[in-house]
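Excluded from the calculations below are hydrogen atoms, water molecules and symmetry mates; all remaining heavy atoms, backbone and side chain alike, are included. Numbers restart at 1 for each chain; the letters A, B, ... are given by sequence-line order, proteins then strands.
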Amino acid sequence: MTSKIRFGLCCLFVEQPIKFRTATATHLLKKSRSEQLEKLSELAGDNSKALLAAFKYCHAAGIGCFRINSQILPLKTHPVVGYSVSELPDGAAVMATFKECGRFLKKTGLRASLHPDQFVVLNSPRPEVVASSLAEIEYQAEVAEWVGADVINIHAGGGYGDKTAALARFKDGFARLSAAAQGLITLENDDKTYTPADLLPLCRELDVPLVYDVHHHRVLPDGLSIAAATAAALPTWNREPLFHLSSPLTGWKGSGLHRHHDYIDPADFPVEWRDLRVTVEVEAKAKELAVKKLMRDLSDSGRPVS
DNA sequence: AGCGGTCAAGTTGAT
DNA sequence: ATCAACTTGACCGCT
């Protein structure tokens, strides 16, 4: 049975009429500052309400975790149009709705996470990249505090031809985060550069949990079995462990390996995870339909297909 | 209403 | 050299 597994939905819906809005900086730059803030306030207000709807849907559907889009507060840390919520005309209402999301989370036991996107690179050799990355993480930590999210998951960054030096730089960047943000950061193995074996020593040293992405591990293996990587990842967590699962678009042979399928092939669900009490975020293009189908597939048979 | 061009940001690897 | 991929298409301006 999979009753102890909490499945997570990532950011979006395909069937539910729940939409998150955003804006482009190019468009906003044509407006006055007050017009910019008015527009951003409208988007932030809509998104805070959409987030509450997303939480309510997940809870009702038996989906145990929701990943919040980085653009929940659009362009929050943009160098020109960026803003603080208190500047927004409806800032107080926006914050109140986020805090209502937090109360819903606490009441229901739903979990929430954030995943800053590819532009957040704490180990970049370029100071301006690190600076913008720190700002983006601190913004997401603020949102996390309002809504009670307990994970801000990032990748270690680039390799730059010397992974040892690059991971040392990661530590420098991490040290510059606030204590609150440090307590939320997790590291995920990627499909290009950093394997679980690369990251586990760093995770242990910094007390940062490893988000074990089994798809990335299958694409970029390191000699660790799935069982070994799972067993090593679990003790890095001081809260419920969180893993990632997806299926390749075009099967495990040939190209297209890196791309995500609409749904999850239940055979890709590791048997090693079956009896764990963990969160598994489902990365699939069919979104809530894929999460619900996977839960159905795994419970119908009482066991993952193998 | 529909459609095409465009969108803040980094890094890697396939073509 | 260009560009798609990444957690994800959405928005704007034109017809």
Side-chain angles (χ1 to χ4, degrees), chain A residues 8-14 16 18-31 36 39-40 42-43 46-47 50 54 65-83 112-137 139-140 149 151-163 166 169-170 173 186 188-194 211 213 215-216 219-220 242-246 248-250 254-262 264 279-288 290-291:
Chain A
L9 169 65
C10 299
C11 306
L12 301 175
F13 298 82
V14 294
Q16 287 301 305
I18 300 172
K19 298 281 184 210
F20 295 96
R21 303 177 60 197
T22 185
T24 61
T26 309
H27 173 62
L28 289 180
L29 285 169
K30 295 174 192 161
K31 299 169 179 281
Q36 289 174 7
K39 175 74 173 177
L40 289 162
E42 179 195 331
L43 296 175
D46 281 4
N47 286 353
C65 182
F66 183 72
R67 181 191 298 174
I68 302 167
N69 194 315
S70 296
Q71 290 275 36
I72 189 84
L73 294 179
L75 299 165
K76 175 70 169 64
T77 63
H78 186 278
V80 180
V81 303
Y83 54 95
S113 72
L114 292 124
H115 194 1
D117 50 23
Q118 60 269 37
F119 311 108
V120 170
V121 185
L122 275 186
N123 78 340
S124 175
R126 297 165 50 193
E128 70 275 21
V129 173
V130 178
S132 63
S133 300
L134 293 168
E136 180 71 16
I137 291 170
Y139 138 59
Q140 297 206 15
V151 164
I152 297 177
N153 180 42
I154 59 175
H155 294 288
Y160 311 98
D162 183 348
K163 290 204 271 185
R169 271 199 313 277
F170 181 90
T186 64
E188 177 189 350
N189 61 299
D190 62 76
D191 59 357
K192 297 263 173 56
T193 310
Y194 292 107
V211 169
D213 186 314
H215 182 194
H216 290 163
V219 172
L220 183 68
L242 189 150
F243 296 160
H244 284 184
L245 177 66
S246 47
L249 181 61
T250 53
S255 60
L257 219 79
H258 299 257
R259 308 191 43 201
H260 291 164
H261 195 92
D262 289 349
I264 303 295
T279 297
V280 175
E281 287 188 339
V282 174
E283 297 180 333
K285 290 182 175 299
K287 295 298 166 191
E288 79 272 25
V291 179

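Distance NE2 (A/His261) to P (C/dC6): 14 Å, rounded to an integer number of Å. When rounded to the nearest whole Å, the span between CZ of A/Phe170 and C1' of B/dG10 equals 15 Å. Separating the CG atom of A/Leu29 from the P atom of B/dA8 is a distance of 8 Å, rounded to the nearest angstrom. Taking atom NE2 on A/His216 and atom P on C/dA5, their separation rounds to 14 Å, with Å as the unit. When rounded to the nearest whole Å, the span between CG of A/Asp262 and P of C/dT8 equals 11 Å. Atom CG in A/Asp162 sits roughly 16 Å away from atom C1' in B/dT11 (whole-Å rounding). Rounded to an integer number of Å, the gap from A/Glu283 CD to C/dC6 C1' is 10 Å. A straight line from OH of A/Tyr83 to C1' of B/dA8 spans 13 Å, rounded to a whole angstrom.
No side-chain heavy atom of A/His215 sits under 4.5 Å from any side-chain heavy atom of A/Leu245. Side-chain contact between A/Val14 and A/Asp262: absent, with no pair of heavy atoms (C-beta onward) separated by less than 4.5 Å. Two residues are said to be in side-chain contact when any heavy atoms from C-beta on lie closer than 4.5 Å; A/Leu75 and A/Thr24 fail this criterion. A/Ile154 is listed as a side-chain neighbour of A/Leu122, based on a closest heavy-atom distance under 4.5 Å.
Nucleotides B/dA8 and C/dG13 are separated by 13 Å at their P atoms, to the nearest Å. Taking atom C1' on both B/dT11 and C/dA10, the two are 24 Å apart, rounded to the nearest angstrom. Nucleotides B/dA1 and C/dT8, compared at atom C1', are 25 Å apart to the nearest Å. C/dC6 and B/dC3 are spaced 26 Å apart, taking the P atom of each and rounding to whole Å. To the nearest whole angstrom, the two P atoms, one in C/dG9 and one in B/dT12, are 25 Å apart. Comparing the same atom, P, in B/dT6 and in C/dC3 gives a spacing of 12 Å after rounding to whole Å. Only the P atoms considered, B/dG5 is 14 Å distant from C/dA4, to the nearest whole Å.
The side chain of A/Lys76 places no N or O atom within less than 4.0 Å of a non-bridging phosphate oxygen (OP1 or OP2) of B/dA8. Taking 4.0 angstrom as the limit, A/His155 places none of its side-chain polar atoms (N or O) nearer than this to OP1 or OP2 of B/dG10.
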Summarise how protein sits on nucleotides 10-15 of chain C as a single string, 5' to 3': B when a protein heavy atom is under 4.0 Å from the base, S for sugar-phosphate-only contact, - for no contact.
-SSS--
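A/Glu283 pairs by the salt bridge (Lys or Arg N to Asp or Glu O under 4.0 Å) definition with A/Arg67, not counting sequence neighbours. For A/Pro125, the side chain to side chain contact (heavy atoms under 4.5 Å, CB included) partners at least two apart in sequence or on another chain are A/Tyr160, A/Arg169. A/Lys31 meets the salt bridge (Lys or Arg N to Asp or Glu O under 4.0 Å) test with no other residue; sequence neighbours excluded. For the side chain to side chain contact (heavy atoms under 4.5 Å, CB included) test, no residue two or more places apart in sequence or in another chain qualifies with A/Ser132. With sequence neighbours excluded, the residues forming a ring-ring contact (aromatic ring centres under 6.0 Å, His included) with A/His115 are A/His155, listed by chain and number. Listed by chain and residue number, nothing satisfies the side chain to side chain contact (heavy atoms under 4.5 Å, CB included) test with A/Gln118 (two or more places apart in sequence, or in another chain). Evaluation of the salt bridge (Lys or Arg N to Asp or Glu O under 4.0 Å) rule for A/Asp46 yields A/Arg21 as partners, not counting sequence neighbours. Residues satisfying the side chain to side chain contact (heavy atoms under 4.5 Å, CB included) test with A/Ala50, not counting sequence neighbours, are A/Ile18, A/Phe20.
A/His244 comes within contact range of no nucleotide atom at all, as no heavy-atom separation falls under 4.0 Å. Counting any heavy atom pair closer than 4.0 Å across all strands shown, A/Gly159 reaches sugar-phosphate atoms only and no base atom.
Within the structure, salt bridge (Lys or Arg N to Asp or Glu O under 4.0 Å) pairs that include any residue of residues 114-127 of chain A comprise A/Arg126-A/Glu128 (at least two apart or interchain).
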Watson-Crick and G-U pairing of DNA chain B written in dot-bracket, each distance under 3.5 angstrom, with | for inter-strand partners
|||||||..||||||
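Contact check of residues 115-128 of chain A against DNA chain C (heavy atom, cut-off under 4.0 Å) returns A/His115, A/Asp117, A/Gln118.
Distances were taken from every side-chain heavy atom of A/Glu136 (C-beta onward) to each of C/dT7, B/dA9, B/dT12; the shortest belongs to B/dA9. Taking the side chain of A/Thr77 as heavy atoms from C-beta on, and the options C/dT7, B/dT12, B/dA8, the nearest nucleotide is B/dA8.
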